[in-house]
Engineer: 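Next up is a structure, given as structure tokens.
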Amino acid sequence: MNTREMFKKAVAGGYAIPAFNFNTMEQMQAIVQAAVETKSPVIMQVSKGARNYANGTILRNLAKGAVEYAKELGCEKPEIVLHLDHGDSFELCKDCIDNGFSSVMIDGSSLPYEDNIALTKQVVDYAHQFDVTVEAELGVLAGVEDEVVAEESHYTKPEEVIDFATRTGCDSLAISIGTSHGAYKFKPEQCTRDPKTGKLVPPPLAFDVLHEIENKLPGFPIVLHGSSSVPQDEVDTINKFGGNLPDAVGIPEEQLREASKSAVCKINIDSDSRLAMTAAIRQYLAEHPDHFDPRQYLKPARENMKKMYIHKIVNVLGSDGKLG
Ligand code: G3H
Ligand code: 13P
Ligand code: ZN
């Protein structure tokens with residue numbers, strides 16, 4: 001299904017739909033199990049990097065399998081969107097639309113304003129012929145956006161959003177209010193330190209900018225990228241068992257919980273899944289040096305990701321119990 005009704009209900013209901021990236025079968029299985037057990041709608045998203053890694057044909061068939069798998073697990077009418085994350089060209093979006101994706105993102109955020117509008121509109125005009133919904137982006141996130149590196153974040157300008165949404169016809173808008181991609185969202189000098197734990201405390205999200213945007217576009221679906229929380233227990237496990245992730249820091253979950261109650265109706269999480277998987281695998285291999293069957297260490301990795309997905313759905317985004 002596409003995102004139209006899903007977002008309308010989420011904005012009205014004050015919760016957000018989880019958008020989890022996947023590259024592997026284990027991530028797909030964990031996402032589906034978590035969504036079924038919590039009775040949550042879910043967006044499974046594929047980046048250009050995921051397509052390069054796993055092959056686009058394989059990923060979209062995994063997503064088809066995900067729907068069948070959800071039914072097999074007892075969910076009569078699963079609500080699963082297959083979404084292209086950070087599409088960077090019309091051709092890539094068209095390829096996904098032609099091959100069964102129900103939603104695409106065209107990320108023209110690094111382009112000059114008028115060029116972003118033109119590219120987004122071209123994708124919207126094509127996608128809407130097939131009832132595929134389109135996410136656009138205005139404002140630049142700090143960190144690495146696929147292959148586009150943004151050193152600084154440029155908050156979305158609220159004065160631009162009406163013009164942008166009207167002229168492009170996009171169905172949802174990703175905005176920049178201080179989130180950022182990856183496990184190192186802020187430099188230590190941008191943060192303070194908790195005197196007790198020594199851990200970094202990041203600067204708060206720009207809720208004033210979010211509220212101004214909501215006032216300009218009442219009820220319009222807003223998307224947050226770069227919303228992993230970088231759980232410190234996973235980082236600690238990784239570091240304990242041979243990893244080296246000093247000063248990794250994410251977005252505090254209370255702030256995401258607050259954002260979910262607003263017009264923010266899609267929250268993107270990828271890095272937390274990577275951390276959950278890596279922590280479980282590092283621990284397992286360190287504790288079982290004689291094991292070498294991938295199923296032995298991928299099973300706890302899948303369980304750890306599932307636990308994380310359920311936690312996000314129930315305790316952060318509030319999308320549990322929101323099916324049909
Ligand atoms: O926003 C980027 C997503 O986390 C996807 O990352 O391009 O490394 O697959 P990726
Ligand atoms: P994180 O790196 O914070 O998980 O963000 C993922 C994302 O925005 C995917 O588009
Ligand atoms: Zn993103």
Side-chain angles (χ1 to χ4, degrees), residues 3 16-24 27-28 30-31 42-56 58-59 62-63 81-89 92-93 96 101 103-110 134-150 153-154 156 172-186 200 202 205 222-232 234-235 245 248-253 255-256 259-260 264-279 305 308-309 311-313 316-317:
T3 57
I17 310 289
F20 298 130
N21 289 68
F22 78 108
N23 293 259
T24 72
Q27 282 176 311
M28 179 279 275
I31 293 168
V42 72
I43 296 171
M44 298 182 57
Q45 53 188 17
V46 169
S47 69
K48 192 177 166 182
R51 281 169 50 112
N52 291 343
Y53 171 74
N55 177 284
I58 289 179
L59 288 176
L62 270 183
V81 171
L82 176 60
H83 175 77
L84 169 68
D85 190 27
H86 293 285
D88 61 356
S89 68
L92 175 57
C93 292
C96 289
F101 279 59
S103 175
V104 294
M105 174 189 195
I106 177 68
D107 181 357
S109 62
S110 61
V134 179
E135 174 184 327
E137 181 166 336
L138 196 53
V140 180
L141 270 66
V144 182
E145 283 207 12
D146 249 23
E147 281 139 31
V148 184
V149 180
S153 106
H154 299 282
T156 305
S172 60
L173 186 64
I175 60 166
S176 171
I177 56 165
T179 61
S180 145
H181 290 107
Y184 294 89
K185 298 192 183 301
F186 304 97
L200 294 175
L205 297 181
I222 300 296
V223 177
L224 286 189
H225 281 246
S227 295
S228 278
S229 303
V230 188
Q232 286 306 305
E234 303 294 11
V235 173
L245 301 178
V249 63
I251 310 296
E253 288 185 339
Q255 294 183 40
L256 297 170
S260 300
V264 170
C265 61
K266 172 176 182 269
I267 292 195
N268 285 12
I269 294 170
D270 186 2
S271 299
D272 284 355
S273 167
R274 297 175 181 190
L275 291 167
M277 185 174 211
T278 301
M305 288 189 288
M308 183 278 292
Y309 293 136
H311 166 69
K312 298 286 176 184
I313 289 170
V316 186
L317 280 69

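Side chains are part of it too, since the values below use all heavy atoms of this structure and drop only hydrogens, waters and symmetry mates. Whatever order the structure lists ligands and atoms in, that order sets their numbers, starting from 1.
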Engineer: Grab the two heavy atoms, one from Gly87 and one from Leu92, that are nearest each other, plus how far apart they are.
Structural biologist: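 That closest heavy-atom pairing would be CA-CD2, 3.9 Å.
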Engineer: Mind checking whether Asp270 has an N or O less than 3.5 Å away from an N or O of ligand 1?
Structural biologist: yes
Engineer: What closest approach, in Å, do Asp88 and Lys48 show between heavy atoms, and which atom pair accounts for it?
Structural biologist: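 The answer is OD2-NZ, 2.9 Å.
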Engineer: Please report the closest heavy-atom contact between Cys93 and Val104, naming both atoms and the distance.
Structural biologist: O-CG1, 4.1 Å
Engineer: Looking only at non-hydrogen atoms, find the nearest pair between Val46 and Phe22 and report the distance.
Structural biologist: CG2-CE2, 3.5 Å
Engineer: Considering only heavy atoms, does Ser227 approach ligand 2 within less than 4.0 Å through its side chain, its backbone, both, or neither?
Structural biologist: backbone
Engineer: Hey, looking at atom 10 (O) of ligand 2, which of Val223, Leu275, Ile267, Asp85 has the closest heavy atom?
Structural biologist: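 Residue with the shortest heavy-atom distance to the ligand atom: Asp85.
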Engineer: Can you name the atoms of ligand 1, numbered from 1 with element, that are less than 4.0 Å from a heavy atom of Asp85?
Structural biologist: 1 (O), 3 (C)
Engineer: Numbering the atoms of ligand 1 from 1, which are under 4.0 Å from a heavy atom of Ser47?
Structural biologist: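 Taking each heavy atom of Ser47 in turn, ligand 1 has 5 (C), 7 (O), 9 (O), 10 (P) under 4.0 Å.
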Engineer: Short list, please: which atoms of ligand 2 are under 4.0 Å from a heavy atom of His86?
Structural biologist: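 Answer for ligand 2: 10 (O).
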Engineer: Do you know which two heavy atoms are closest between Ser227 and Ile269, and how far apart they sit?
Structural biologist: O-CG1, 3.9 Å
Engineer: Provide the number and element of each atom of ligand 2 under 4.0 Å from a heavy atom of His225.
Structural biologist: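 Within the 4.0 Å cut-off of His225, ligand 2 contributes 8 (O), 10 (O).
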Engineer: Just to be sure I read this right, does ligand 1 sit under 4.0 Å from the backbone of Asn21, its side chain, both, or neither, counting only heavy atoms?
Structural biologist: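 Under 4.0 Å from ligand 1, Asn21 contributes side-chain atoms alone.
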Engineer: Tell me, which protein residue and heavy-atom name are nearest atom 7 (C) of ligand 2, and how many Å apart are they?
Structural biologist: His181 CD2, 3.4 Å
Engineer: Looking only at the side chains, is there a donor atom on one of Tyr309 and Ser273 sitting less than 3.5 Å from an acceptor on the other?
Structural biologist: yes
Engineer: With a cut-off of 4.0 Å, which atoms of ligand 1 are near a heavy atom of His181?
Structural biologist: 1 (O), 2 (C)
Engineer: Students should be able to answer this: which protein heavy-atom is nearest to atom 3 (O) of ligand 2, and at what distance?
Structural biologist: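 Answer for atom 3 (O) of ligand 2: Lys185 NZ, 2.5 Å.
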Engineer: Find, among atoms of His225 that are N, O or S, the one nearest to the Zn ion (ligand 3), and state its name.
Structural biologist: ND1
Engineer: Quick one: which of Val81, Ile31, Ile313 gives a side-chain contact (heavy atoms from CB on, under 4.5 Å) with Val42?
Structural biologist: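 When Val81, Ile31, Ile313 are each tested with Val42, the side-chain contact (heavy atoms from CB on, under 4.5 Å) holds only for Ile31.
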Engineer: Is any side-chain heavy atom of Ile251 closer than 4.5 Å to a side-chain heavy atom of Leu224?
Structural biologist: no
Engineer: Would you mind running through ligand 2 and noting each atom that sits below 4.0 Å from a heavy atom of Ser271?
Structural biologist: 1 (P), 2 (O), 4 (O)
Engineer: If we check side-chain hydrogen bond (donor to acceptor under 3.5 Å, both in side chains) with Arg274, which of these qualifies: Asp270, Asp272, Thr278?
Structural biologist: Asp270
Engineer: Which atoms of ligand 2 are found less than 4.0 Å from any heavy atom of Ile269?
Structural biologist: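 Those qualifying, in numeric order: 4 (O).
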Engineer: Less than 3.5 Å between some nitrogen or oxygen of His225 and one of ligand 1, yes or no?
Structural biologist: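 No.
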Engineer: Hey, does Met105 sit under 4.0 Å from ligand 1 if you only count heavy atoms?
Structural biologist: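 The answer is no, since Met105 has no heavy atom less than 4.0 Å from ligand 1.
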Engineer: Heavy-atom distances under 4.0 Å are what count here, so tell me which part of Asn21 touches ligand 2: side chain, backbone, both or neither.
Structural biologist: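 Within the 4.0 Å criterion, Asn21 contacts ligand 2 through side-chain atoms alone.
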Engineer: Just going by heavy-atom distances, which of Lys48, Arg51, Arg274, His86 is nearest to atom 2 (C) of ligand 1?
Structural biologist: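 Checking each option, the heavy atom nearest atom 2 (C) of ligand 1 is found in His86.
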Engineer: Spell out, as yes or no, whether a donor-acceptor pair under 3.5 Å connects the side chain of Ser109 to the backbone of Val140.
Structural biologist: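 Between the backbone of Val140 and the side chain of Ser109 there is no qualifying donor-acceptor contact (under 3.5 Å).
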Engineer: At under 4.0 Å between heavy atoms, which part of Gln45 makes contact with ligand 1: side chain, backbone, both or neither?
Structural biologist: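 Within the 4.0 Å criterion, Gln45 makes no contact with ligand 1.
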Engineer: Specify the protein heavy atom at minimum distance from atom 8 (O) of ligand 2: its residue, its atom name, and the distance to 0.1 Å.
Structural biologist: Gly226 N, 2.8 Å
Engineer: To check you understand the geometry: which heavy-atom pair defines the closest contact between Gly139 and Ser176, and what is its length?
Structural biologist: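 Scanning both residues, the minimum pair turns out to be C-CB, 3.9 Å.
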Engineer: Are Ser229 and Lys312 close enough that a side-chain donor and a side-chain acceptor fall under 3.5 Å?
Structural biologist: yes
